[in-house]
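No hydrogens, no waters, no symmetry mates; every other heavy atom, side chains included, goes into these values.
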Amino acid sequence: MTEQPDDSFDERAATPAETKQPGAPTLVEDLLLLLFQPRSGTIAGENTLFYVLAGAVLADLALADRVTMADRRKVSIVEGHAPSDELLRSAWDYVSEKPRGVQTVLAAIGPQLRKPVLERLVERGDIVREERKLLGLFRTTALRDGGNGRRARLLAEVRRVLVDGAEPSARVAALAALLSGSGTLPQFYRDIPWTTPVINRAKELEQGNWGAGAAAEAVTRTVTATVVNSVIVTTTVLPRS
């Protein structure tokens, strides 16, 4: 059974105005951009998306040594390592109150993430919103690829790791692990063949077996693997129970 968040998460940080960032994209932005399917204009895994996005936020904090494992199931902050990014900072502040179970954090921070993260992608030009008329009468908003090539570059990096066997950076390893853990990887079959070697490599990444090229400390890999496996539990086991 999943843990329920025992304190409220600060939803003020989930507004687009407060999450504008001119700097490098966060891991959660990269993940949502990859989950966006240009052919259909939809986002893969919508039903459990907030768990996956929350997992990317926690993984990003782990990669930057801003959180660590308090024990086998709980995550805690690394003092003095607060992130400047408003979206990441809100999650860090929530965990800073006390060590919390990973599933508790996912459930608390996840529901507020989709809108502000999508806004960031639109602001960067990675995704474009366009108004359309349905049946010539009803206005609807559609999403399409921004055409700047960033999604294609991200997908190529993940493909090199999963298909070509290249050693990943820690960031790409975490990104591929989260895609696999979310259960959406089969939807990328046109670009990443759903083969036994790909499945096996993805499972290795889920467990934190990233290879020497990832250059991440063991504790970082452990935190990320714990986060990814919590995402797997929340997106596969719990919805069926």
Determine whether Arg129 and Glu119 make a side-chain contact, defined as any pair of heavy atoms from C-beta on separated by less than 4.5 Å. yes
Is there a continuous path of hydrophobic side-chain contacts, each under 4.5 Å between heavy atoms, that joins Val198 to Tyr189? no
Could you see if Met69 belongs to whatever hydrophobic cluster contains Val227? Use Ile, Leu, Val, Met, Phe, Trp, Tyr and a side-chain cutoff under 4.5 Å. yes
Heavy atoms only: give me the nearest Leu63-Ala170 pair and the separation to one decimal. CD2-CB, 4.0 Å
First locate atom CG of Leu32, then atom CD1 of Ile127, and finally report the distance between them rounded to the nearest 0.5 Å. 6.0 Å
Do you know which two heavy atoms are closest between Leu205 and Trp210, and how far apart they sit? O-NE1, 3.1 Å
Check this for me: does any side-chain nitrogen of one of Glu123 and Arg120 sit under 4.0 Å from a carboxylate oxygen of the other? no
Could you walk me through whether Ile43 and Gln37 pass side-chain contact (heavy atoms from CB on, under 4.5 Å), step by step? CA-CA 6 Å; Ile43 295 173; Gln37 305 294 298; over 6 Å; no
Side-chain heavy atoms of Thr68 within contact of Val75, under 4.5 Å: no
Can a donor-acceptor pair be found, under 3.5 Å and without considering hydrogens, that links the side chain of Arg73 to the backbone of Thr226? no
Residue Asn200 excluded, over 12 heavy atoms near CG under 6.0 Å: yes
Distance col, row Leu155:CG vs Arg190:CZ, nearest 0.5 angstrom, shows 12.5 Å
When you look at Leu162 and Leu179, which way does the side-chain contact (heavy atoms from CB on, under 4.5 Å) test go after all the steps? CA-CA 11 Å; Leu162 293 178; Leu179 279 179; over 6 Å; no
Any ion pair linking Asp85 and Arg89 (charged N to carboxylate O, less than 4.0 Å)? no
Do Asp30 and Arg171 come close enough that some side-chain heavy atom pair is under 4.5 Å? yes
Taking all heavy atoms of Thr235 and all of Gly181, pick out the closest pair and write down the distance. OG1-O, 3.5 Å
4.5 Å side-chain heavy-atom contact, Asp145 and Phe36: yes
Test side-chain contact (heavy atoms from CB on, under 4.5 Å) on Leu87 and Thr26; report intermediate values, then the result. CA-CA 9 Å; Leu87 193 150; Thr26 58; 5.8 Å; no
Testing the basics here: between Trp92 and Val78, what is the closest heavy-atom pair and its distance to 0.1 Å? CZ2-O, 3.6 Å
Just how far is it from atom CD1 of Ile232 to atom OH of Tyr51, taken to the nearest 0.5 Å? 14.5 Å
Roughly how far apart are Ile109 CD1 and Asp93 CG, rounded to 0.5 Å? 11.5 Å
Can you tell me if Ser230 and Gln103 form a side-chain donor-acceptor pair at under 3.5 Å? no
With side chains defined as the heavy atoms from C-beta onward, is the minimum distance between Arg150 and Pro25 less than 4.5 Å? yes
Sequence neighbours excluded - salt bridge (charged side-chain N to carboxylate O under 4.0 Å, His left out) pairs with any residue from residues 45-71: Glu46-Arg114
Not counting sequence neighbours, which residues clear salt bridge (Lys or Arg N to Asp or Glu O under 4.0 Å) with Arg159? List them please. none
Kindly determine whether Glu29 and Arg124 satisfy salt bridge (charged side-chain N to carboxylate O under 4.0 Å, His left out), including the steps that lead there. CA-CA 10 Å; Glu29 291 172 66; Arg124 292 183 188 278; 2.7 Å; yes
Do Val128 and Val122 sit in the same hydrophobic cluster, where Ile, Leu, Val, Met, Phe, Trp and Tyr count as joined when their side-chain heavy atoms come under 4.5 Å apart? no
Would Leu27 and Leu178 satisfy side-chain contact (heavy atoms from CB on, under 4.5 Å), going step by step from the backbone distance to the final call? CA-CA 10 Å; Leu27 187 67; Leu178 284 162; 4.1 Å; yes
OG1 (Thr184) and CG (Leu35) are apart, to the nearest 0.5 Å, by 5.0 Å
From Leu33 atom CG to Arg151 atom CZ, the distance as rounded to the nearest 0.5 Å: 6.5 Å
Nearest heavy-atom pair of Phe50 and Gly110: which atoms, and what distance? CB-O, 3.2 Å
So, for Ala174 and Thr224, which heavy atoms are closest and what is the spacing to 0.1 Å? CB-CG2, 4.0 Å
Does any part of the side chain of Ser76, heavy atoms only, come nearer than 4.5 Å to the side chain of Val67, both counted from C-beta? no
Can you tell me if Ser180 uses its side chain to pair, donor with acceptor, with the backbone of Ala176 under 3.5 Å? no
Side chains of Arg201 and Lys203: closer than 4.5 Å at any heavy-atom pair? no
